[in-house]
Structure formats: structure tokens, C-alpha cells
Amino acid sequence: MTTYVWDYLREYAEEREELLDAVDTVFQSGQLVLGESVSRFEQEFAAYHGQPHCVGVDNGTNAIVLGLQALGVKPGDEVITVSNTAAPTVLAIDAVGARPVFVDVREEDYLMRTDQLAGALTERTAAIVPVHLYGQCVDMAAVTAFAERHGLKVLEDCAQAHGARHHGRLAGTMGDAAAFSFYPTKVLGAYGDGGAVVTRDDGTDANLRRLRYYGMEDRYYVVQTPGHNSRLDEVQAEILRRKLRRLDAYVEGRRRVARRYAEGLADTGLVLPSNAVGNDHVHYVHVVRHPERDRIIERLRAYDIELNISYPWPVHTMSGFAHLGYREGDLPVTERLAKEIFSLPMYPSLPQHVQEKVIEALREVIAGL
Ligand SMILES: *Cc1c(COP(=O)(O)O)cnc(C)c1O
């Protein structure tokens with residue numbers, strides 16, 4: 001059987017009864033859209049974060065789109081983010097008509113270089129989207145201090161950082177609002193698409209509820225533009241409620257897998273993930289680095305191991321973003337990483353014997369390079 005970087009079938013086998021009960025609960029409720037399950041999940045996810053508001057949306061990309069709009073970002077504004085991220089971070093900024101402006105990432109932990117924010121600032125800058133990449137947080141003290149000094153909004157991209165902490169504070173509680181994805185592979189994953197925005201601000205919450213519901217004020221049916229149909233599905237919300245109770249256990253499982261890699265791969269020459277100061281990592285993807293990345297991936301196929309790269313093409317070099325005017329060479333660390341990083345199998349239900357097989361295969365392949 002091929003080993004992939006992610007798989008949910010073992011987890012499903014363990015949780016099947018509860019998940020099927022979640023589906024049945026919704027089907028029997030008589031309310032298939034924006035019913036009890038969405039509002040309960042919103043309350044519970046907000047409470048997990050110690051925040052007053054959570055608005056469920058249809059996916060993580062639209063969590064960023066609606067989050068930016070709810071914070072007042074408009075066409076023509078500039079939004080500072082990174083290019084070493086999932087393309088949807090940038091796509092979402094583009095979709096609101098704003099212009100993504102990139103800073104590079106740090107060589108040691110692949111996170112936003114906050115010392116480059118000042119160089120990216122113009123009079124059109126409206127917001128910063130720090131991406132808590134691979135499961136650990138950006139230096140948020142630097143981001144929020146800079147944002148306050150220049151009157152910018154901060155929307156945290158928490159799609160990879162459910163349950164991550166930064167100097168004790170949960171990801172998603174440090175900016176003006178935070179966008180989450182519940183895409184199945186994420187640390188808290190649905191059985192389909194889902195997303196949410198968490199905020200402490202009443203006005204932002206009201207904006208989000210209008211934006212996800214055609215731009216309508218719920219009771220009065222006054223359409224304001226922009227509006228979307230971006231509701232979190234009731235079935236996914238009920239599944240997420242059940243899975244939220246296990247989030248801390250999922251994170252613990254990922255940490256166990258990460259510790260085994262740290263022990264098994266310590267002396268191989270692979271650059272292993274490093275924890276930035278103050279970060280409790282949740283290991284969404286286990287990204288390692290080696291100059292012979294492509295040969296390693298190719299040779300592991302003979303062992304029936306299919307690895308992945310997050311991400312092989314920096315967003316600023318993708319043809320779909322050519323209109324942003326960036327060139328190869330503009331973000332040297334991001335570009336260098338894209339050629340050397342790759343991801344190892346990482347999910348809480350990864351069996352120890354499968355992981356040991358991966359570690360052994362990697363050791364053999366690297367020794368034979
Ligand atoms: C997954 C992801 C998204 C997009 O979420 P979807 O639910 O797939 O739309 C955005 N940003 C980052 C960093 C992601 O990893």
C-alpha cells in the first residue's frame with residue numbers, strides 16, 4: 001500500500017459512529033442551512049479561542065476574502081503577506097481587488113520576515129495577512145506593533161495553525177480577525193469544505209454575517225454590496241463540533257509523530273523543522289529541507305512512498321500572478337526554499353510502523369545519494 005503524506009481513513013474507522021451520528025443529527029433537525037449546528041459550532045469555536053465571535057463560512061479562501069472585506073479592505077488597497085504560502089492566501093487578497101505585496105520569509109523557520117514590513121509599506125497599505133505557516137505562528141508582537149503604528153488591520157491566516165500557541169496565546173486571537181480553513185487535511189478538518197473567521201470586534205462580526213449571506217441584513221433583507229453566498233454547511237459544522245472536542249488530542253498525536261521524526265532523522269543531513277521562540281507548533285505539515293530534494297522524492301517511489309511539496313512554486317512566480325509584477329530573484333529565501341523543501345507523512349493517526357518504514361527508507365536513500 002502506498003504511503004502518502006496524509007490519509008484520513010484510519011481516523012474515519014475510529015470515529016465513524018460519531019460522524020454518522022453527526023450527519024443524522026443534521027438530517028433529522030429539519031434545518032439544513034444555517035441551523036443549530038452552525039451556530040453551536042460558532043459558539044464552541046469562539047469559546048475555544050476565548051473570543052466573543054466566530055462566523056462559519058464555506059472554505060478558508062473565502063474566510064480570507066470575507067475577513068478582509070469585513071475589516072474594510074477595498075479595491076486598490078495593498079495587503080502585505082508572504083509568497084511562501086498556499087496560493088489561496090494570495091488569491092483571496094486578489095479577489096477583493098486589493099494588491100498583494102510580498103515580504104520574504106526567514107531562513108530558519110520559513111515564517112514572515114517582519115523586519116521587511118517597513119520596506120513594503122506605502123500610503124495604500126491597508127492590512128497585513130501573516131500566515132502561521134506549517135503549524136507555527138509568525139512573530140505577532142512585531143506584526144501588531146507595526147500595524148498599530150501605521151493604522152493597518154491584521155488578518156491572521158490560521159488555515160495551518162488550529163491550536164498553535166505563540167507565547168501562550170492561541171493563533172487567531174492576536175490580530176483584528178483570523179481566517180481558518182477546515183479543508184480535510186487541516187489540523188481541524190471537515191469531511192468536505194469549511195472555514196471560519198474569529199474576531200473580538202462586534203462590527204467585524206456583523207459585517208461577516210452580512211457578507212456570507214448575500215450581503216443581507218438577516219432580519220430586514222437589505223442587500224449591501226459586496227455580498228456572497230459563503231455559508232458553512234450544516235453537516236460540516238456538526239462534524240466539526242464533534243471533532244473540535246478532539247482537537248487537542250489531534251495536536252498531541254501530530255507532536256508524537258514530529259518527535260519520532262526528530263529522533264529518527266537527526267543525523268541524516270536533512271534540515272528538520274525548527275520551533276521559533278515562544279511557539280507551540282501543531283505540525284500541520286512536516287517540512288524538511290535537502291539540496292537533493294528531487295532525487296530523494298524520486299527514489300522514495302521505489303519504496304511506495306509518495307511525498308509532497310508545500311510549496312514547489314512560490315506564488316509570486318506563478319503565471320496567474322504575473323500581473324503583480326514580481327520577478328524571479330525578488331524573494332531569494334522563498335525561491336531557494338521552494339527548490340529544497342518537501343513534506344513527510346504527517347497526521348495524528350499515522351501508525352508508528354508506517355512512520356518507521358518512512359524513516360528507514362529516507363535514511364537509506366540519503367545514505368546512497
Ligand atoms: C488551506 C489554506 C487556505 C485555503 O483554505 P481552503 O479551505 O482550501 O479554501 C488558505 N491559506 C492557507 C495558508 C492554507 O493552508
Side-chain angles (χ1 to χ4, degrees), residues 5-6 8 41 45 54-69 79-96 98 100 102-103 105 109-112 127-138 140 143 154-164 171-172 175 177-198 208 211-212 228-233 236-237 239-240 243 254 273 281-287 308-316 318 320-321 334 337-338 341 343 346-347:
V5 290
W6 182 79
Y8 73 93
F41 173 69
F45 200 62
C54 166
V55 179
V57 297
D58 50 352
N59 57 61
T61 308
N62 283 339
I64 302 171
V65 170
L66 272 63
L68 289 171
Q69 288 177 332
V79 176
I80 304 174
T81 191
V82 289
S83 173
N84 183 39
T85 182
T89 308
V90 184
L91 206 67
I93 296 168
D94 210 48
V96 308
F102 299 115
V103 294
V105 293
D109 52 26
Y110 320 143
L111 297 168
M112 173 181 263
I128 306 172
V129 177
V131 182
H132 301 320
L133 199 72
Y134 306 147
Q136 68 172 330
C137 294
V138 170
M140 286 302 289
V143 171
V154 176
L155 176 69
E156 300 175 66
D157 183 341
C158 293
Q160 306 193 356
H162 316 68
F180 287 86
S181 163
F182 306 118
Y183 184 76
T185 63
K186 308 291 183 181
V187 178
L188 179 61
Y191 276 69
D193 279 308
V197 186
V198 168
L208 286 163
L211 283 163
R212 76 163 173 194
H228 306 265
N229 176 355
S230 281
R231 300 175 292 242
L232 175 60
D233 181 76
Q236 299 303 339
I239 288 171
L240 287 164
K243 292 192 72 179
R254 287 173 178 274
H281 207 306
V282 294
H283 304 281
Y284 167 59
V285 277
H286 202 74
V287 173
N308 196 18
I309 303 171
S310 298
Y311 298 91
W313 300 285
V315 177
H316 71 283
M318 292 179 178
F321 292 106
T334 297
L337 289 175
I341 54 176
S343 311
M346 170 54 82
Y347 49 96

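We count ligands from 1, going down the list as the structure has it; atoms in each ligand are counted the same way. Throughout, residue positions are numbered sequentially from 1 according to the sequence presented.
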Problem - For atom 12 (C) of ligand 1, the protein heavy atom that lies nearest, with its residue and separation - result: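 Result: Ala159 CB, 3.4 Å.
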
Problem - atom 11 (N) of ligand 1 - nearest protein heavy atom and its distance - result: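 Heavy-atom neighbour on the protein nearest atom 11 (N) of ligand 1: Asp157 OD2, 2.9 Å.
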
Handout entry: Ring center gap for Tyr311 and Trp313 short of 6.0 angstrom
Key =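 No, they do not, as the ring centres are separated by 6.0 Å or more.
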
Can a donor-acceptor pair be found, under 3.5 Å and without considering hydrogens, that links the side chain of [X] to the backbone of [Y]?
X: His132; Y: Val138; value: yes
X: Glu156; Y: Gly172; value: yes
X: Tyr134; Y: Ser310; value: yes

Give the numbers and elements of all ligand 1 atoms closer than 4.0 Å to a heavy atom of [X].
X: Gln160; result: 13 (C), 14 (C), 15 (O)
X: Val131; result: 13 (C)
X: Ala86; result: 12 (C), 14 (C), 15 (O)
X: Thr89; result: 11 (N), 12 (C), 13 (C)

Problem - Spacing of NE2 belonging to His281 relative to CZ belonging to Arg254, to within rounding of 0.5 Å - result: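 Separation between the atoms: 11.0 Å.
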
Should the proximity of [X] to ligand 1, defined as any heavy atom under 4.0 Å, be assigned to the side chain, the backbone, both, or neither?
X: Thr61; value: both
X: Thr85; value: side chain
X: Asp193; value: neither

Exercise for the section: Would you sort out whether Phe41 and Phe182 count as a ring pair (Phe, Tyr, Trp, His ring centres under 6.0 Å), showing the intermediate values? Expected result: CA-CA 12 Å; Phe41 173 69; Phe182 306 118; 5.4 Å; yes

Handout entry: Heteroatom proximity flag, Pro88 to ligand 1, N/O under 3.5 Å
Key =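 Among all N and O atoms of Pro88, none is under 3.5 Å from an N or O of ligand 1.
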
Handout entry: Residue pair Leu68 / Ala92: nearest heavy atoms and the distance that separates them
Key =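 Nearest pair, atom of Leu68 first, then Ala92: CD1-O, 4.3 Å.
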
Practice task
Check if Lys186 has a non-hydrogen atom at a distance under 4.0 Å from any atom of ligand 1.
Solution key: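 Under 4.0 Å: yes for Lys186.
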
Practice task
Apply the side-chain contact (heavy atoms from CB on, under 4.5 Å) test between Pro100 and each candidate in Val79, Asp94, Val129; give the one that qualifies.
Solution key: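 It is Asp94; the other options fail the test.
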
